[in-house]
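A quick write-up on the structure given underneath.
Not measured: the values here are computed from a predicted model.
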Amino acid sequence: MTGSVKAILDLKGRDVVTAGPHTTVAEAAVILSKKKIGAIVVVGMENRISGMFTERDLVHAIAKHGKDGLEQSLAQVMTAKVYRCHEETTVNELMELMTSRRFRHVPVESHGKLAGIISIGDVVKSRIAEVEREAEEIKAYIAG
């Protein structure tokens with residue numbers, strides 16, 4: 001049985017690193033570095049998802065604007081079309097979305113507001129745990 005996004009969030013927690021749309025790319029780069037993460041969810045009013053700022057967005061801003069890219073606001077360089085998932089989303093559905101869209105981070109939305117974030121590492125960890133559980137069940141069944 002495939003797990004859900006809710007199960008992953010219940011294990012890992014629901015803390016998400018966020019920034020406002022007026023945060024500069026330079027400020028966001030410092031956050032990414034200090035927190036050792038690959039993405040920041042950009043939120044607007046009432047904790048609603050406005051966009052995602054990822055390491056890729058950082059690279060694109062520098063490639064396009066040079067050092068001036070560091071002074072751009074996240075609103076100017078973020079990925080505005082954000083694919084979201086919900087707590088009821090299965091791990092298999094999430095893996096399909098991440099693979100087909102080439103995402104490494106997907107925010108979790110509940111009632112229109114940010115409720116968590118799932119990384120590809122979280123998905124892999126969940127799948128490995130599921131496979132290990134299945135293997136133990138098979139061993140127990142064979143052992144009688």
Just verifying a value: how many Å separate F103 CZ and T79 OG1, rounded to the nearest 0.5 Å? 8.0 Å

Rounded at 0.5 Å granularity, tell me how far OG in S119 sits from CD1 in I8. 8.5 Å

Indicate the atoms forming the closest heavy-atom contact of A19 with I40, along with that distance. N-CG2, 3.6 Å

Closest heavy-atom contact between M98 and H105? CE-N, 4.0 Å

Any idea which heavy atoms bring C85 and T89 closest together, and the distance? CB-OG1, 3.6 Å

Heavy atoms, side chains only, cut-off 4.5 Å: are K12 and K125 in contact? no

Set of residues satisfying side-chain contact (heavy atoms from CB on, under 4.5 Å) with respect to H22, sequence neighbours excluded: none

Contact summary for T54 and A39, nearest pair of heavy atoms: CG2-CB, 3.9 Å

Just one of V91, V108, V106 clears the side chain to side chain contact (heavy atoms under 4.5 Å, CB included) bar with V5, so which one? V108

Answer yes or no: is there an ion pair linking K139 with E136, defined by an N-O contact shorter than 4.0 Å? yes

Nearest heavy-atom neighbours spanning L97 and Y83: CD1-CD2, 4.2 Å

Does a sphere of radius 6.0 Å around CD in E96 hold more than 12 heavy atoms from other residues, nucleotides or ligands, not counting ones at 6.0 Å or beyond? no

With sequence neighbours excluded, what pairs up with I138 under the side-chain contact (heavy atoms from CB on, under 4.5 Å) test? I142

Taking a hydrophobic cluster as the set of Ile, Leu, Val, Met, Phe, Trp and Tyr residues connected by side-chain heavy atoms closer than 4.5 Å, whether directly or through intermediates, do V17 and V77 fall within one such cluster? yes

Rounded to the nearest 0.5 Å, what separates atom CG in L9 from atom CG in D122? 8.0 Å

What is the distance from atom CD of Q72 to atom CG of D57, rounded to the nearest 0.5 Å? 12.5 Å

Check whether L32 and I118 end up in the same hydrophobic cluster, where Ile, Leu, Val, Met, Phe, Trp and Tyr are linked by side-chain heavy atoms less than 4.5 Å apart. no

Which pair of non-hydrogen atoms, one from S4 and one from E87, has the smallest distance, and what is that distance? CB-O, 3.6 Å

Nonpolar side-chain network containing V41, other nodes, edges under 4.5 Å: V16, V43, I49, M52, V82, L114, I117

Working to the nearest 0.5 Å, report the span between NE2 of H111 and NE2 of H86. 9.5 Å

Side chains of I62 and L70, heavy atoms from C-beta outward: is any pair under 4.5 Å? yes

Below 4.0 angstrom, N of the basic side chain to O of the carboxylate: do R127 and E130 qualify? yes

